[in-house]
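Scroll down for the structure; my scribbles are underneath it.
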Amino acid sequence: MSTLTYPEAIGVGLLQGVTELFPVSSLGHSILLPALIGGKVQHDLDMTAEGSSYLAALVALHLATALALVVYFRKDWVRVAEGLFGSIRHRRVETRNEKLAWLLVLSTIPVGVAGLALEKALRNALGKPVPAAVFLALNGLVLLGAERLKRGGTGRRRAGHAAPADEPGPDPAIASDQRLTGLGYGRGAWIGAAQILALFPGISRSGVTMSAGILRGLHHEDAARFSFLLATPVILAASVLKVPELFKPENSGVLGPVLAGSLAAFVAGYVSVRFLTRYFETRSLTPFALYCFLAGVGSAVYLSL
């Protein structure tokens, strides 16, 4: 049986916290890097090996990353919660917060259903290094295609769609909410459904949702913000469903390393989302697209030799 050491757990935690939010696929990197390093690291971090504790550890690391998103967007989630409960209580969907709450709910349903039905089958069938490398290269092509096919964004320099009932305040986050609710539920659900592609190891959740948002006319800044908001409930729900695996007797020896790795994932996730929200104010997906394509092709060739 493989064991997870403290250095391995912290390293994977840092990797998870960064690659979950950068549009480069955390699952793809979690599969590829151990295979490229080889030796004991590959043995300990093989999620397909019988008795492996690696998959259980990844569950906790995902949860830590989601908590970093909750902390960073805490004001946004307070507004979303107020909007959702206010909408249910008053049986209406009129204000900006109410519309954003239901936009997130409806946009999360497709990937939630698909995840329950397909996640385990796809992970078992494709959770190997070479398929992950191929999908990582495809992820790069998706990002590059979105940049080439994008329409004019609805960011700070353009007007959004029809305004909700209440006017946005000076807070940039509230102004972004205004533009996001102008998407409409149909286009929001289409963007949310793009997360289904992230069930394939190597395809980035944030990458495909940002690409879908850009293709529907969002500016990079708004597409990134919507992607992070959409990812939070999905990651939390998936993590909560799998957290009990950590407390199985066979995983008792990894609880200490997992706790250390989770702390690393939280810090890395918080720093990453803080960086990316500023990065996408002025920059594009192109550098990440080139990295994914080259890293994916290079890894596939190397691992196939």
Side-chain angles (χ1 to χ4, degrees), residues 20-21 59-60 62-117 119 154 160-196 198 205-206 209-210 212-213 216 218-219 221-244 266 269-270 273-274 276-277:
E20 181 66 45
L21 303 180
V59 171
H62 276 77
L63 180 58
T65 307
L67 291 176
L69 286 173
V70 171
V71 171
Y72 185 82
F73 290 109
R74 57 192 180 278
K75 294 181 180 178
D76 302 85
W77 285 113
V78 168
R79 290 197 297 270
V80 168
E82 290 175 347
L84 181 62
F85 292 121
S87 175
I88 294 172
R89 183 170 62 251
H90 299 295
R91 298 182 182 180
R92 70 180 189 192
V93 185
E94 296 178 358
T95 69
R96 178 188 56 248
N97 291 342
E98 291 168 353
K99 290 188 175 184
L100 179 61
W102 285 109
L103 179 65
L104 290 171
V105 169
L106 295 175
S107 300
T108 301
I109 290 174
V111 69
V113 174
L116 290 173
E119 187 266 342
T154 58
H161 299 278
D166 50 343
E167 292 298 323
D171 187 340
I174 296 178
S176 180
D177 289 349
Q178 169 93 9
R179 295 188 293 268
L180 291 178
T181 54
L183 279 171
Y185 298 123
R187 282 191 286 185
W190 189 87
I191 295 171
Q195 294 181 95
I196 295 171
R205 183 192 311 277
S206 62
T209 49
M210 280 194 64
R216 301 310 295 179
L218 289 177
H219 185 267
E221 179 185 1
D222 290 337
R225 186 166 179 275
F226 192 40
S227 171
F228 296 143
L229 290 174
L230 281 174
T232 305
V234 175
I235 300 173
L236 282 174
S239 300
V240 168
L241 286 174
K242 296 178 181 179
V243 158
F266 178 88
Y270 188 87
V273 69
R274 186 179 178 87
L276 290 170
T277 51

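This is a predicted model, so every value here is computed, not measured. The first residue in the sequence is number 1, and the count goes up from there. Just the heavy atoms: all of them, side chains too, but no hydrogens, waters or symmetry mates, feed the values below.
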Any idea which heavy atoms bring [X] and [Y] closest together, and the distance?
| X | Y | answer |
| --- | --- | --- |
| S227 | S206 | OG-CA, 3.2 Å |
| T108 | P233 | OG1-CG, 4.1 Å |
| I88 | W102 | CG1-CZ2, 4.1 Å |
| E94 | K99 | O-CE, 3.7 Å |
| L21 | G269 | CD1-O, 3.2 Å |
| T181 | R96 | CG2-O, 3.7 Å |

Quiz item: In terms of side-chain heavy atoms, does Y185 have a donor or acceptor partner in S107 at a distance below 3.5 Å?
Solution: no
Quiz item: For R274, does the CZ atom have more than 12 heavy-atom neighbours from other residues, nucleotides or ligands under 6.0 Å away?
Solution: no
Quick check: does any side chain N or O of [X] sit under 3.5 Å from a backbone N or O of [Y], one acting as donor and the other as acceptor?
| X | Y | value |
| --- | --- | --- |
| S87 | G83 | no |
| R187 | L183 | yes |
| S239 | I235 | yes |
| S176 | P172 | no |
| H219 | E221 | yes |

Measure the spacing between [atom1] of [X] and [atom2] of [Y] and express it to the nearest 0.5 Å.
| X | Y | atom1 | atom2 | answer |
| --- | --- | --- | --- | --- |
| L229 | D177 | CG | CG | 7.5 Å |
| E98 | H90 | CD | NE2 | 7.5 Å |
| Y72 | T277 | OH | OG1 | 3.0 Å |
| T95 | L100 | OG1 | CG | 9.5 Å |
| L69 | R74 | CG | CZ | 12.5 Å |

Quiz prompt | Verdict with supporting geometry, N97 and V80, side-chain contact (heavy atoms from CB on, under 4.5 Å) | solution = CA-CA 6 Å; N97 291 342; V80 168; over 6 Å; no
Exercise. Evaluate the ring planes of F73 and F228, with Trp represented by its six-membered ring, and classify them as parallel (under 30°), tilted (30 to 60°) or perpendicular (over 60°).
Key: tilted
Quiz prompt | Pair I174-R79, side-chain contact (heavy atoms from CB on, under 4.5 Å): steps then yes or no | solution = CA-CA 10 Å; I174 296 178; R79 290 197 297 270; 3.9 Å; yes
Quiz item: Between V234 and R205, does a side-chain contact (heavy atoms from CB on, under 4.5 Å) hold up when you go through it step by step?
Solution: CA-CA 10 Å; V234 175; R205 183 192 311 277; 3.3 Å; yes
Quiz item: Looking at side-chain heavy atoms only, is the closest gap between V71 and Y270 below 4.5 Å?
Solution: yes
Self-check item: side-chain contact (heavy atoms from CB on, under 4.5 Å) partner of L180, chosen from D222, L104, I191
Solution: D222
Quiz item: Under the side-chain contact (heavy atoms from CB on, under 4.5 Å) criterion, do V111 and L230 qualify, and how do the steps go?
Solution: CA-CA 10 Å; V111 69; L230 281 174; over 6 Å; no
